[in-house]
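For reference, the structure discussed in these notes is given below.
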2 protein chains.
Amino acid sequence: MSSKGTPSSIVDAAEALFAEQGFAETTVRQITSRAKVNLAAINYHFGSKKGLIQAIAEKFITPLCNELNSQMDSSLGPDSKPTLDELLEMLMRALLIVRSENRNALSVFMRLLELAYMANQEELRDFLIGRYKSRLDHFLIYLRQDSAPMEDDEFFWRLHFLLGSMTFTLSNFHTLHSLEKRQFSGEQEGTEVELILHRMIPVLSAGLQARGEKLYFSKI
Amino acid sequence: MSSKGTPSSIVDAAEALFAEQGFAETTVRQITSRAKVNLAAINYHFGSKKGLIQAIAEKFITPLCNELNSQMDSSLGPDSKPTLDELLEMLMRALLIVRSENRNALSVFMRLLELAYMANQEELRDFLIGRYKSRLDHFLIYLRQDSAPMEDDEFFWRLHFLLGSMTFTLSNFHTLHSLEKRQFSGEQEGTEVELILHRMIPVLSAGLQARGEKLYFSKI
DNA sequence: ACTTGTTTCAAACGTAGGTTTGTTTTAGAT
DNA sequence: ATCTAAAACAAACCTACGTTTGAAACAAGT
């Protein structure tokens, strides 16, 4: 019927709905209705609603890791040390690559990360950790080298402060964008996400480089 | 039956379940079962599940604003200028006051904020903004005075980067705490939240004080 | 002791969710 | 033209949800 196949239509519709409503709040009837396919199509092609979510997850996370690692390989010579801002810039570019395929991809991806940290979702969390943690370790090692010196647990928490800024901002980007325009002047739409990602860089960079209070008391 | 009344038992059970599962994922049957009250009790005492959520919301947000403003009044002399770290310290203390009444209060509160920023929840969002924004403006003005000089929209986004760190970390505190203990050594439980809130202060402070890139190009 | 208003309870209601079924349609291979 | 496997479809299924009902238990005032 449409120019794209049924599974592809389903994924497109699901991503749009997941981005604006979240996973639990989106029903398969909404998805199939929007995709203009039969109600049973999701179960036929993806097994279940959960299967659809996992398919979308893998579709985004794998390219993200690829892009991030290839940027690290190409930008980092054998002895060159990247700055913290450069590393974060790479991360943001990798996110933008993910987004380039679908306007809603970043919101969906960030909602997926939020979901993975919920208490009930050990399954999804362990799946993501087991499968993608090693692909991010390289990046994290560089990131830590450029951060202020700190204990392992301190870095763990700062990493999640950073992750929280990203997930919150990008998951709810549509709402935040509306709130901003309601308060201030209007801006062009096309480059909005890029702009916000770049606004994050100096903030996150400063957060990682800040000296923690604990160091005043420990170590020497 | 229990030492506390039925509505209070319901609220306690609901807060614990909301904290670990979220609102949509928690059913009234789970709540009433845990509270050991009849299934119909929520509708009888709170009208609906939504009414229960709103009751819990108001129960926490009002004391938070009170505490924050009273700390500002008592700590700030007529001409004394608070440092950024002092302001954030006040915010964290206000959060801890909210938590002191109930161990799960902070997670519930943060989940509520996340909910308010979702696209579907204009009702809740406008309610919170209309009712509590003015009570926080005083704090925000001081906060901005101590931040790096920046445009209105830049400050808007940094505020939400900060909010994202807080909501993500505290909503999923239980999960993060487990992950941390799985990776590193165990620590005592009692003061964990306090510790993390204080770890946030220098990070958030540095983020607000960081010079934004945009300033390099605009204004003089 | 009787009435009255409030609270509790077991049971059922109605709806909306994800999923399954059995049939029909489609399209490529023989 | 016929056969066959994949895909699409309408309809039903079953479960779980929030909510409602009406009777029973309770408490307090008179």
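As a basis for the values below, the full set of heavy atoms in this structure was taken, side chains included, without hydrogen atoms, waters or symmetry mates.
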> Is B/L106 close to B/L95 at the side-chain level, that is, under 4.5 Å between some pair of heavy atoms?
Replying inline: yes
>> For D/dA6 and A/H45 - does any side-chain N or O of the residue sit under 4.0 Å from the phosphate oxygens OP1/OP2?
In response: no
> Would you say D/dA7 has OP1 or OP2 under 4.0 Å from some side-chain N or O of A/T6?
Replying inline: no
>> Between B/E67 and B/R93 (salt bridge meaning N to carboxylate O under 4.0 Å), is one present in this structure?
In response: no
> Hey, are B/E123 and B/K50 close enough for a salt bridge, meaning a charged N less than 4.0 Å from a carboxylate O?
Replying inline: yes
Separation of [N] [atom2] from [X] [atom1] (nearest whole Å):
X: A/L17; N: C/dG17; atom1: CG; atom2: P; result: 12 Å
X: B/I10; N: C/dC9; atom1: CD1; atom2: C1'; result: 13 Å
X: A/I31; N: C/dT19; atom1: CD1; atom2: C1'; result: 14 Å

>> Check the orientation of A/F127 and A/Y132. Use parallel for under 30°, tilted for 30 to 60°, and perpendicular for over 60°.
In response: perpendicular
> Any luck finding a side-chain donor-acceptor pair between B/S107 and B/S171 under 3.5 Å?
Replying inline: no
> Does one side chain, of B/E58 or B/Q54, offer a donor that lies under 3.5 Å from an acceptor on the other?
Replying inline: no
> For every nucleotide of nucleotides 16-24 of chain D, 5' to 3': is a protein heavy atom under 4.0 Å from its base (B), only from its sugar-phosphate (S), or from neither (-)?
Replying inline: -BBBBB---
